[in-house]
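Values below: every heavy atom of this structure, side chains too, minus hydrogens, waters and symmetry copies.
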Protein chains: 2
Amino acid sequence: MPSAPTPQPSLPEPSLPEPATAGAPGRAPGRRLPGGPVLQDSVTEAIAAAFFEELAAAGYARLSLEAVAKRAGAGKAAIYRRWTSKLDMTVDLVSAVAVNASGAADTGTLRGDVLAFLTEVADALNEPLAARIIPDLIAEGGRTPELAEALFAAVRDTRRSRATQLLERAVARGELPADVDREIALDLLAGPLYWRLAVVHTPTAPDHLDRLTDMLLAAFRA
Amino acid sequence: MPSAPTPQPSLPEPSLPEPATAGAPGRAPGRRLPGGPVLQDSVTEAIAAAFFEELAAAGYARLSLEAVAKRAGAGKAAIYRRWTSKLDMTVDLVSAVAVNASGAADTGTLRGDVLAFLTEVADALNEPLAARIIPDLIAEGGRTPELAEALFAAVRDTRRSRATQLLERAVARGELPADVDREIALDLLAGPLYWRLAVVHTPTAPDHLDRLTDMLLAAFRA
DNA sequence: CGAAGACGAGACGGAACCGTTCCGTCTCGA
DNA sequence: TCGAGACGGAACGGTTCCGTCTCGTCTTCG
């Protein structure tokens with residue numbers, strides 16, 4: 001029978017990227033992802049790379065799985081063998097790259113920690129692919145709660161807890177008053193750079209992060 | 001007659017300037033009674049309101065002019081009589097609403113000016129429709145230069161010059177050092193609130209803007 | 001009072017995708 | 001050696017949307 005057309009499977013499981021039969025010689029499409037997640041299969045790798053390139057070029061809403069398959073040099077069936085839908089694929093792949101945005105960065109001083117944090121954010125947003133993908137996913141997340149939830153779990157919460165720890169360490173060292181407003185401090189750590197690099201797309205002067213760090217420290221101590 | 005299907009008209013002209021007020025994209029009533037023909041076009045008003053509602057619900061990429069027409073209770077021809085394309089329509093309507101985001105706000109003190117500026121930004125981003133539309137248009141602007149250009153001309157430059165004037169007034173009054181970093185100060189004025197309200201969608205405490213103002217003043221004086 | 005024109009509705013051809021299914025090929029592991 | 005199964009590729013029916021173009025109705029103005 002030509003199939004019962006499943007209406008919307010509503011994301012049963014995150015679906016793993018293949019149990020990985022370790023042989024896999026032959027093809028080596030050498031592409032690499034922005035963050036470089038650990039993908040076993042070379043076909044899966046090519047599909048993931050093509051996915052991010054298409055996502056940056058077209059945006060989530062216009063992303064066509066046919067275009068992803070074509071760019072990866074794969075058939076659509078290869079995609080549907082791995083993920084159940086565009087949303088499933090997006091949540092899975094984006095979570096994978098976002099998780100490895102690690103970096104403890106305990107430099108011993110508040111200024112060093114803040115500068116390290118800002119540098120990391122700036123580096124991420126200076127990736128051309130990331131600079132296009134992130135605002136798009138954020139906008140799409142406002143409209144697709146499942147996507148927003150997955151992104152927040154993978155990205156925001158991780159980064160947020162790291163920033164909070166940064167502040168707590170400074171309080172413990174006596175570099176910041178104990179009643180520093182954590183909420184606003186977090187917004188100050190992320191907002192100005194995001195605004196400049198991802199929204200207004202303005203280039204930064206070489207000493208930008210240094211100057212910004214000094215101004216943020218003054219704000220935290222207010 | 002199957003007609004010649006024009007492929008992509010590529011925006012020949014900005015079309016109607018649309019003097020309709022369209023302040024907040026509220027509801028437009030169905031029709032006007034033949035009392036005062038001096039009033040603006042009620043059909044155009046209804047189309048504009050429907051456009052913003054659809055834009056908030058679906059995003060620019062998925063926005064369907066058919067859906068706009070249906071929501072406005074209009075025919076598609078009524079839209080194509082006024083604009084040549086979705087991009088033309090978007091640039092025209094968004095510019096119209098963005099321009100009236102005025103407000104001189106010269107309160108006489110730096111703190112008053114900053115608080116007034118932040119309040120205005122927060123009010124704008126607390127509009128549910130605006131909070132959905134703005135990130136979407138920003139993301140789309142990253143891949144549609146014409147749209148980005150129009151938005152920047154209408155919104156960013158206006159707001160940016162106002163913020164710059166705010167800083168210059170403070171310098172003239174001696175409230176800020178003459179060498180205050182204008183670039184970073186502008187990012188600090190816009191970024192943290194945008195991050196909180198439009199990206200992370202976190203609610204704000206009642207005294208949030210007051211506390212943020214104090215911290216920003218400290219940063220400016222660093 | 002009658003022609004002109006804007007109106008809502010919607011059919012139309014063409015295009016793009018989706019998600020599925022079928023090929024014939026190629027590489028594995030038993 | 002040979003079957004299992006993933007592979008690229010192509011096609012399918014079903015949607016959705018675009019932009020054009022009729023319809024028949026309703027105002028409006030000369």
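Atom CG in B/Leu87 sits about 11 Å away from atom P in D/dG19, given to the nearest Å. Rounded to an integer number of Å, the gap from CE of B/Met89 to P of D/dG19 is 12 Å. Summarising the geometry, the separation between CG on B/Asp41 and C1' on D/dT28 is reported as 14 Å, rounded to the nearest angstrom. A/Glu54 has its CD atom 13 Å from the C1' atom of C/dC17, to the nearest Å. A/Tyr80 has its OH atom 4 Å from the P atom of C/dG19, to the nearest Å. Between the P atom of D/dC17 and the CD1 atom of B/Ile79 lies a distance of 13 Å, rounded to the nearest Å.
Ionic pairing of B/Glu120 and B/Arg162 is present here: one or more N-O contacts between side-chain nitrogen and carboxylate oxygen are shorter than 4.0 angstrom. A salt bridge links A/Glu183 to B/Arg196: one of the charged nitrogens lies within less than 4.0 Å of a carboxylate oxygen.
Remark: B/Arg62 is not in phosphate contact with D/dC18, judged by side-chain N or O atoms under 4.0 Å from OP1 or OP2. Not one side-chain nitrogen or oxygen of A/Ser64 sits closer than 4.0 Å to the OP1 or OP2 atom of C/dA16. Between B/Arg81 and C/dC7 there is a side-chain polar atom (N or O) within less than 4.0 angstrom of OP1 or OP2.
With 3.5 Å as the limit, one finds a donor-acceptor pair spanning the side chains of A/Thr44 and A/Arg82.
Closest to the B/Arg82 side chain, of the nucleotides C/dC7, D/dC7, C/dT20, is C/dC7. For B/Lys76, the side-chain atoms get nearest to C/dG10 when compared with the rest of C/dG10, C/dC17, C/dC7.
Heavy-atom distances to DNA chain D give each of A/Ala74 and A/Glu66 a nearest nucleotide, and the one nearer the 5′ end belongs to A/Ala74. Sequence order on DNA chain C of the closest nucleotides to A/Ala77 and A/Leu65 puts A/Leu65 first from the 5' end.
Remark: of the listed residues A/Leu87, A/Thr90, A/Leu151, A/Val91, A/Leu87 is the sole one forming a side chain to side chain contact (heavy atoms under 4.5 Å, CB included) with A/Thr144. Here the options are A/Val114, A/Leu209, A/Leu193, the test is side chain to side chain contact (heavy atoms under 4.5 Å, CB included), and the partner is A/Thr119; only A/Leu209 passes.
Across all strands shown, A/Ile47 has no heavy atoms under 4.0 Å from either base or sugar-phosphate atoms. Backbone-only engagement by A/Leu63 is indicated by non-hydrogen atom pairs under 4.0 Å involving sugar-phosphate atoms exclusively.
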